[in-house]
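To start, the structure under review is shown below, and the notes come after it.
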Amino acid sequence: MTKPWSLALGFISLFLLSHGASGFTRPGPRRIITTRHNKSESHPQQVHISAVGADGMRISWITDDKHVPSIVEYGKAPGKYDLSATGEHTSYRYIFYTSGKIHHVKIGPLEPDTVYYYRCGGVDDEFSFKTLPATLPIEFAIVGDLGQTEWTASTLAHVGKTNYDMLLLPGDLSYADTNQPLWDSFGRLVEPYASKRPWMVTEGNHEIETFLILHSHPFDAYNSRWRMPYEESSSTSNLYYSFDVAGAIHVIMLGSYTDFDSKSDQYKWLVKDLAKVDRGKTPWLIVLLHAPWYNTNTAHQGEGEAMRKAMESLLYNARVDAIFVGHVHAYERFTRVYDNKANSCGPVHITIGDGGNREGLARDFDEDHKSASLSLFREASFGHGRLKVVNRTHAHWSWHRNDDSESTVADEVWLDSLSASEACKIDPSLPFSGTAVVDEL
């Protein structure tokens with residue numbers, strides 16, 4: 001049952017958020033969906049998985065029973081669990097709220113492109129997932145600012161209708177906004193999808209959740225519930241990390257809401273991480289973060305500018321192929337760009353913050369914005385994206401609008417890997433922390 005204090009916190013936080021918003025107009029969203037746990041306290045709930053290393057998965061779930069062991073049994077046939085692994089657990093407090101027991105168990109080594117069946121904590125509920133392919137092709141579903149509304153359910157249903165290998169989420173997951181039971185509700189809502197394919201996420205502003213003097217530690221719920229493989233990429237924070245996929249793609253998840261200037265741990269980690277990438281072996285380099293660096297919508301103007309100034313040259317010099325962001329509740333795709341100019345060696349920037357959040361869409365685009373000529377497609381509709389990396393040189397991007405009865409492909413484009421471009425070869429004498437020379441189209 002939702003506690004009166006949690007409802008009070010929720011109303012207060014919504015009041016603060018609405019009065020701190022920009023002047024743009026959002027249409028009313030569909031209603032929030034709240035889910036309940038109707039099984040025993042020992043039953044696993046909010047099950048989700050994430051990729052760990054080249055051949056592992058982390059299984060995460062919550063139990064109300066604090067005595068359930070953090071153990072996962074798994075195998076390649078239904079009901080036959082030949083293997084098991086024991087992991088760790090945690091919990092957190094948020095003012096008067098105390099979370100359940102949050103379990104995180106790493107399993108593996110696993111065979112690629114294989115279905116595994118598993119159960120959590122010794123309870124008979126069986127789940128299954130498919131591991132990632134060892135080689136290309138591979139397909140990502142990409143969706144930001146997800147929330148837990150009827151639009152969210154529509155987006156997830158459209159995502160689930162077509163096969164994919166991994167979901168990438170550039171921030172703003174539950175929109176709990178201090179109302180902690182909404183984290184539990186969100187976990188139950190996404191479980192049918194997040195328990196079957198790895199979800200790799202980074203934080204958005206709605207994950208911060210500091211609350212005046214009552215709770216001063218940011219990201220407590222997010223870090224406790226959504227553990228990502230940051231240690232495996234030598235990061236010291238769950239707010240930024242990287243991982244490799246299919247032997248050909250390096251994915252970097254950056255944090256818009258932790259320090260990012262040249263003296264910060266994140267910046268120093270990024271320099272080292274980029275230096276490790278051999279584009280001869282890893283032709284694709286993809287980045288996700290929350291607050292957009294390029295944006296012609298009237299919503300959230302300039303909020304990513306400080307991070308852009310701090311880090312854009314690093315990503316340009318490394319020849320990042322694409323940057324996916326959220327925050328703005330609309331879809332927008334830019335041409336290849338660097339330093340506010342079209343640049344054939346810069347990344348494609350794509351805003352995909354239209355997953356289904358409770359705040360509604362950001363409908364207003366500025367036709368006279370300084371970046372308007374760089375924006376190739378923009379639309380305020382809910383939906384999700386698909387990135388299919390076909391081979392070492394070509395990938396297909398499509399955006400699927402879901403404010404129709406069916407998911408409709410409204411925008412699509414073929415991308416060429418910059419690693420295959422003679423004109424964009426990386427200059428080994430140019431450090432990632434240096435200033436790049438702009439090569440305009």
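Everything quoted here is computed from the prediction, not taken from an experiment.
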* Taking everything shown except Lys425 itself, do over 12 heavy atoms lie less than 6.0 Å from its NZ? -> yes

* To do: Determine the interplanar angle of the Phe243 and Tyr241 rings, folded into 0 to 90°, and report it as parallel if under 30°, tilted if 30 to 60°, perpendicular if over 60°.
  => parallel

* Quick one: side-chain hydrogen bond (donor to acceptor under 3.5 Å, both in side chains) partners of Tyr118, sequence neighbours excluded? -> none

* Asked: So, the side chain of Thr131 versus the backbone of Asp113: is there a donor-acceptor pair under 3.5 Å, distance only?
  -> yes

* Evaluate salt bridge (Lys or Arg N to Asp or Glu O under 4.0 Å) for Asp184 paired with Arg225, printing each intermediate quantity in order. => CA-CA 10 Å; Asp184 297 310; Arg225 295 169 182 268; 3.0 Å; yes

* Asked: Ion pair present between Arg31 and Glu150, side-chain N to carboxylate O less than 4.0 angstrom?
  -> yes

* Rounded distance [0.5 Å steps], OG in Ser185 versus CD in Gln180 -> 12.5 Å

* Asked: Thinking salt bridges, do Arg308 and Asp339 make one under a 4.0 Å N-O criterion?
  -> yes

Distance-only criterion, 3.5 Å: show the donor-acceptor pairs between side-chain atoms of residues 409-418 and protein atoms not counting sequence neighbours.
| unit_1 | atom_1 | unit_2 | atom_2 | d |
| --- | --- | --- | --- | --- |
| Asp411 | OD1 | Arg333 | NH2 | 3.0 |
| Asp411 | OD2 | Tyr331 | OH | 2.6 |
| Asp411 | OD2 | Arg333 | NE | 2.8 |
| Glu412 | OE1 | His396 | NE2 | 2.9 |
| Asp416 | OD1 | His394 | NE2 | 3.2 |
| Ser417 | OG | Pro283 | O | 2.6 |
| Ser417 | OG | Ser419 | N | 3.2 |
| Ser417 | OG | Ser419 | OG | 2.7 |

* Asked: Testing Asp354, Val143, Thr149 for side chain to side chain contact (heavy atoms under 4.5 Å, CB included) with Thr155, which one passes?
  -> Val143

* **Phe334 six-ring centre to Arg336 NZ/CZ under 6.0 Å and within 45° of normal** => no

* Is there a donor-acceptor pair closer than 3.5 Å between any side-chain N or O of Gln148 and the backbone N or O of Leu189? -> no

* To do: Would you confirm whether the ring centroid of His48 sits within less than 6.0 angstrom of the ring centroid of Trp226?
  => yes

* Sidechain N-carboxylate O distance under 4.0 Å for Lys130, Asp165 -> yes

